Every structure is written in C-alpha cells, then in structure tokens.
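A short worksheet on the structure shown next.
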Amino acid sequence: QVQLVESGGGSVQAGGPLRLSCAASGSIFSINVMGWYRHAPGKQRALVARITTGGSTNYADSIKGRFTISRDNAKNTVYLQMNSLKPEDTAVYYCYANLRPVGLGRGDYWGQGTQVTVSS
C-alpha cells in the first residue's frame, strides 16, 4: 500500500526555523503533485504550499516569503522549509500527494499529520 509519512514537526519559538519532510512509500509509478496543508483548531483546513512535477509552486499568502517547498523526486519526498515562524502558524500539518500506484490509476493520498507549535 502507498503511504505518506510526515516528520520534522515539533515546538519552536517565534522567529525560528523548522523543516518538515514527507516521504511517499510503497509501489508507486509516479507522483504528480505534492504539497502541504494545515489545520489549526477552530479554522478551516488550508493549503500551505504545493509543487508540481515540473517544479511549479504555489503558496498561501499568509506564508509567502517565509516558507519554501521543494521536492526530491528520487526519494519521493517533499520538504517544507519554514522560517520566521509565527504563533499563528501553529497547526497540524498534513502532507498531500496526487500519485499513481503501480498498476493502478492516479489518486489522492494524505499523511497522518505532524504537529507544529510556535510559541511567543
């Protein structure tokens, strides 16, 4: 089975950096899009950033200029480098991928989430 596993979450003080990683594992033929979403208590789940096969990126306005998304295709891994973190960035961060398992059609997959807590 295909799965996405996030890592790198934790607690950090405001202004500090943190890097999240998400590795897709299993029998995967190809990965089209990978990205990060976050869900804070009392708020809607929202897109943070995404990156396509061609390397095109999209960022939420709230984090633009502070976060950078990147991908290592050889490792089926996506990263989110977070700098200048703010308390409002506190949320559970979820990895997302649109991918094609070997022998199957393309579909959407989600990780279990990793907690990021920013203190001030």
Side-chain angles (χ1 to χ4, degrees):
Q1 289 186 322
V2 172
Q3 64 175 0
L4 305 179
V5 180
E6 303 99 336
S7 62
S11 298
V12 63
Q13 64 180 202
L18 203 63
R19 191 176 81 154
L20 304 182
S21 299
C22 173
S25 63
S27 185
I28 300 171
F29 177 75
S30 64
I31 300 177
N32 181 25
V33 178
M34 299 190 78
W36 293 92
Y37 290 73
R38 67 186 182 185
H39 189 191
K43 297 183 178 180
Q44 301 275 355
R45 177 188 62 85
L47 173 71
V48 177
R50 65 193 292 274
I51 184 167
T52 68
T53 300
S56 297
T57 58
N58 296 99
Y59 295 96
D61 289 340
S62 60
I63 57 88
K64 195 171 298 181
R66 298 187 296 123
F67 294 6
T68 302
I69 190 170
S70 61
R71 181 172 64 183
D72 186 335
N73 291 331
K75 297 180 179 179
N76 288 337
T77 300
V78 65
Y79 305 93
L80 185 68
Q81 179 65 50
M82 304 183 291
N83 299 123
S84 302
L85 282 162
K86 304 174 181 179
E88 63 199 73
D89 295 319
T90 296
V92 177
Y93 285 70
Y94 295 92
C95 181
Y96 161 83
N98 181 261
L99 57 83
R100 181 182 176 184
V102 173
L104 300 175
R106 189 172 298 278
D108 296 331
Y109 294 82
W110 294 89
Q112 292 298 308
T114 184
Q115 177 70 46
V116 172
T117 302
V118 184
S119 61
S120 178

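What's counted below: heavy atoms across the whole structure, side chains too, no hydrogens, waters or symmetry copies. Because the structure is a prediction, the values reported are computed rather than measured.
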If you group Ile, Leu, Val, Met, Phe, Trp and Tyr by side-chain heavy-atom gaps below 4.5 Å, do [X] and [Y] land in one group?
X	Y	answer
M34	L99	yes
V12	M82	yes
W36	V33	no
Y79	I63	no
I31	V2	yes

(Q) Can you tell me how the ring of Y94 sits relative to the ring of W110, calling it parallel under 30°, perpendicular over 60° and tilted otherwise? (A) perpendicular
(Q) Over 60° means perpendicular and under 30° means parallel, so tell me whether Y37 and Y96 are parallel, tilted or perpendicular. (A) perpendicular
Q. How would you list all residue pairs meeting side chain to side chain donor-acceptor pair (under 3.5 Å) that involve residues 42-56, not counting sequence neighbours?
A. N32-T53, R50-N58
Q. Hey, what do you get for CD (Q81) to OG (S21), rounding to the nearest 0.5 Å?
A. 9.5 Å
Q) About how many Å separate CZ of R19 and CG of N83, when rounded to the nearest 0.5 Å? A) 11.5 Å
Q: Would you indicate whether Q115, at its atom CD, is surrounded by more than 12 heavy atoms from other residues, nucleotides or ligands within a distance under 6.0 Å?
A: yes
Q | Residue among V92, V116, T90, D89 satisfying side-chain contact (heavy atoms from CB on, under 4.5 Å) with R38 | A | D89
If you look at every heavy atom in [X] and [Y], which pair is closest and at what distance?
X	Y	result
V48	F67	CG1-CD2, 3.7 Å
E6	C95	OE2-N, 2.8 Å
Y109	P101	OH-CG, 3.1 Å
L80	A49	CD1-CB, 4.2 Å
P17	L85	C-CD1, 4.1 Å
A24	L4	CB-CD2, 3.3 Å

Q. Would a distance-only check, ignoring hydrogens and angles, find a side-chain to backbone donor-acceptor pair under 3.5 Å from R66 to S84?
A. yes
Q) Is any side-chain N of the basic residue among D61 and K64 closer than 4.0 Å to the acidic one's carboxylate O? A) yes
Q: Compare all side-chain heavy atoms of V118 with those of K86 and state whether any distance is below 4.5 angstrom.
A: no
